[in-house]
Q: 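Structure in structure tokens, see below.
Order of listing sets the numbers, starting from 1, for every ligand and every atom in it.
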Amino acid sequence: MRITEIFYSLQGEGFLAGVPSVFVRLAGCPLRCQWCDTKYAWDETAGAEYSISETVRAVRQWPCKFVVITGGEPMIKPDLPQLVRELKTAEKHITIETTGITFIQDLACDLMSISPKLSNSTPTDPALAAIHEESRLNTAVMRQLVDNYDYQLKFVVDSQKDLEEVNRILKKIGNVNLEKVMLMPQAVTRDELLAKSPMVAEMCKRTGFAFCQRLQVLLWNNERGT
Ligand code: SF4
């Protein structure tokens, strides 16, 4: 499988933020989010070819239980179930970070970290916007993920008006435990994060949703490999 990078850092986002984790970033994503901070992982031929056993060996070089499989979009990769199985055999705790556009049954995944994309992610370039909108949101798939896995739902918000869209999507998914919903500031730099965080914190206090931090931005200003 094509992998853009494997590195050791802290989980920056979600309910496991701060937990030391090994990241496996798979190549390829059909979306083209305007503010994507991993554009180098869009191309499915990016990075290098790894066998499953090479990947597991690379992960095991760090004495760390937590593994985050991210992208790109890992759920579109045919080899993902086998990778997850092998990492489980190595007794890892596995988080899969997905935008929630594809369902796979029976993955040995401990935490499905779903990040549905709001319309604030749509690129301004019309050609990219068309590609993006084709696969941006699939609430039926999200419902399957929510019903079959332990999960968290992270929404990237850019302004107060995004809240209406968040609520609309949650209603369409249905059966969501609202305690598992997080709002995360849209920010690719530390300055942006610090500027937007107070607004998102107030939105969280009003709604009861959890504030989702972005430690990789706060601590390392989104430097690659963090
Ligand atoms: S889904 Fe994730 S990896 Fe894909 S374009 Fe959007 S932010 Fe980037």
Side-chain angles (χ1 to χ4, degrees), residues 1-7 9 11-14 16-17 21 23-47 67-80 83 95-104 109 111-142 144-146 151-159 162 165-166 169 173 182-189 192-193 196 200 212-217 220-226:
M1 63 199 320
R2 299 297 295 190
I3 294 181
T4 55
E5 52 190 353
I6 300 176
F7 60 93
S9 187
Q11 171 57 286
E13 302 173 358
L16 290 175
S21 305
F23 290 77
V24 179
R25 188 181 305 288
L26 306 188
C29 181
L31 272 74
R32 293 293 179 264
C33 299
Q34 169 85 345
W35 34 252
C36 177
D37 54 2
T38 54
K39 290 181 177 159
Y40 55 87
W42 281 359
D43 184 348
E44 60 186 10
T45 64
V67 177
V68 182
I69 304 178
T70 187
E73 173 48 72
M75 293 288 277
I76 59 170
K77 309 309 282 185
D79 290 342
L80 180 70
L83 175 63
T95 298
I96 297 178
E97 296 191 327
T98 176
T99 195
I101 54 170
T102 309
F103 178 71
I104 305 173
C109 166
L111 178 63
M112 194 60 77
S113 181
I114 312 162
S115 182
K117 297 299 179 286
L118 303 181
S119 51
N120 67 28
S121 66
T122 304
T124 45
D125 179 304
L128 289 184
I131 298 171
H132 185 76
E133 288 304 299
E134 223 169 85
S135 46
R136 175 166 69 85
L137 207 60
N138 189 332
T139 48
V141 164
M142 287 175 208
Q144 285 181 296
L145 292 170
V146 159
Y151 67 93
Q152 61 191 14
L153 271 164
K154 299 183 301 182
F155 289 92
V156 176
V157 295
D158 205 18
S159 70
D162 289 339
E165 204 177 334
V166 169
I169 292 169
I173 300 171
M182 308 186 91
L183 302 181
M184 180 162 77
Q186 192 287 100
V188 293
T189 65
E192 254 185 307
L193 182 65
K196 287 182 190 168
V200 177
C212 183
Q213 51 186 313
R214 310 188 86 164
L215 290 178
Q216 75 280 23
V217 182
W220 297 293
N221 206 20
N222 234 351
E223 198 178 306
R224 188 167 168 174
T226 60

Q: Who pairs with Lys196 by salt bridge (charged side-chain N to carboxylate O under 4.0 Å, His left out), at least two apart in sequence or on another chain?
A: Asp158, Glu192
Q: Under 2.8 Å from atom 6 (Fe) of ligand 1, how many protein N/O/S atoms can be counted?
A: 1
Q: Ala41 near ligand 1, heavy-atom distance under 4.0 Å?
A: no
Q: Under 3.5 Å, is there a donor on one side chain and an acceptor on the other for Thr98 and Glu73?
A: yes
Q: Quick one: does Ile96's side chain get under 4.5 Å of Leu80's, heavy atoms only?
A: yes
Q: Can you find a heavy atom in the side chain of Met75 that is under 4.5 Å from one in the side chain of Met112?
A: yes
Q: Could you work out, with ring pair (Phe, Tyr, Trp, His ring centres under 6.0 Å) as the rule, every residue matching Phe23, not counting sequence neighbours?
A: Phe7
Q: How far is atom 5 (S) of ligand 1 from its nearest protein heavy atom, and which residue and atom name does that atom have?
A: Trp42 NE1, 3.1 Å
Q: Got a sec, which pairs hit salt bridge (Lys or Arg N to Asp or Glu O under 4.0 Å) with one end in residues 114-136, sequence neighbours left out?
A: Glu133-Arg136, Arg136-Glu165
Q: With Ser113 as reference, evaluate Gln11, Gln152, Glu97 under the side-chain hydrogen bond (donor to acceptor under 3.5 Å, both in side chains) test and give the passing residue.
A: Gln152
Q: Give the atoms of ligand 1, by number and element, whose distance to some non-hydrogen atom of Gly72 is under 4.0 Å.
A: 3 (S)
